[in-house]
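Below, read A as the first sequence line, B as the second, and so on, with proteins coming before strands; counting in each chain starts at 1. Computed from a prediction, not measured in an experiment: that's the story for all the values here.
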Amino acid sequence: MTTTLPSEYVLASGVTAGDEWITTSREHIRATLMALKRAGFQSYLFMTCVDHLATPTVEKPPERFELVYQMRNMSTHRELRVRVFVPEDDARAPSAHDIYVPANWDERETWDMFGIEFEGHPDLTRILMPEDWVGHPLRRDYPVGGEPVDFSEDHEIWQTAPPEV
Amino acid sequence: MGVEQPTDTLGRNILTTTLGRVVGWGRANSVWPAQFGLACCAIEGLMHAAGPGFDIGRFGSEAMRASPRQSDLMIVAGRVSQKMAPVLRQIYDQMPEPKWVISMGACASTGGVFNNYAILQGVDKIVPVDVYIPGCPPRPEDVLNALMILQEKIKAQGIEPRL
């Protein structure tokens, strides 16, 4: 599959748990998605983000945030995952709403939950949380919140403080 | 002889009571709940209570209204998110007096297992609750039991204004 893409788009590729994936760079994400759409991946399944702040892996991910685009080729029944790493201090990515229309709301959700800013998005506003909410709740250093629970173990740590990195 | 005959006739047709008891009896047996299913409790407990197996209609509450303006009772069935909380309060305000609230299940009563930033930790923070139903989810019998407890409360209230 990666042979249909220019080599400078693909930083890495592989198969994990039966799922094909490629890693591309932030600069080439729009070109990669357009090339994949031309190559038959017409169906956009979802897009979301992973926060690697506390990922317990031996191999440390190159950046904190990872955008994940899942595509499907409806004629060959193949799926492909496109991964893009985004640094914490420059959490921005180009919008893909004009390539795949459903990306519009997914990017709003990713902005709402992870604080990734999508450049070129027509209406980048909160979609799940109330409009006046402060912070991005699915970041791993966002406290869980809620109310203190008596006799529970270490609730003051996980409810009010970020996890140990 | 002139007195005995009317006494015999009226004795079977007249009963004396208070206005509060009659009004409370009427209100208690026609409690119309608003449809306010928020999560799994609405399916697991509330729909079964309204179905033919348990039949909440035996207690006069089968008329689930889609409009808060026709409802007497709000059964909060499920977790209330922070974003849903103002909506829930507005629906409660749109219900005409007298009105009652049943908090159904662990999530509506306390937040349940969802002890986090997104979920209201108990619906009694925004509306006054008359009866709490424990359980995750409660059995349909629990819903019927809560309704019967509420009926006793309504009967005791009579025509007195709610405090």
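Put simply, A/V84 and A/L138 are part of the same group of oily side chains (I, L, V, M, F, W, Y) that touch within less than 4.5 Å, one to the next. B/V31 and B/F36 are assigned to two separate hydrophobic clusters, defined by single-linkage of ILVMFWY side chains at heavy-atom distances under 4.5 Å. A/L33 and A/L67 fall within a single hydrophobic cluster, where Ile, Leu, Val, Met, Phe, Trp and Tyr are joined by side-chain heavy atoms under 4.5 Å apart, directly or via other members. No continuous path of ILVMFWY side-chain contacts below 4.5 Å connects A/M34 to A/L45, so the two sit in separate hydrophobic clusters. Cluster membership for A/W21 and A/L11, using ILVMFWY side-chain heavy atoms within less than 4.5 angstrom, is not shared.
Remark: A/H52 NE2 is packed, more than 12 non-hydrogen atoms of other residues, nucleotides or ligands lying under 6.0 Å away. Counting non-hydrogen atoms of neighbouring residues, nucleotides and ligands closer than 6.0 angstrom, the CH2 atom of B/W25 reaches no more than 12 such neighbours. Within a 6.0 Å radius of CD in B/E97, more than 12 heavy atoms belonging to other residues, nucleotides or ligands are found.
Nearest heavy-atom pair, A/V144 versus B/N115, reported as atom, atom and distance to 0.1 Å: CG1-O, 3.8 Å. Here the closest non-hydrogen pair linking A/M129 and B/K83 is O-NZ, 3.5 Å.
For a heavy-atom cut-off of 4.5 Å, chain B lies close to A/I127 in residues 119-127 of chain A. By a heavy-atom distance cut of under 4.5 Å, not one residue of residues 128-155 of chain B is near chain A.
Residues satisfying the salt bridge (charged side-chain N to carboxylate O under 4.0 Å, His left out) criterion with A/R64, sequence neighbours excluded, are A/D51, A/E88, A/D141.
The ring-ring contact (aromatic ring centres under 6.0 Å, His included) analysis of residues 82-131 of chain B, with sequence neighbours excluded, yields the pairs A/Y142-B/Y117.
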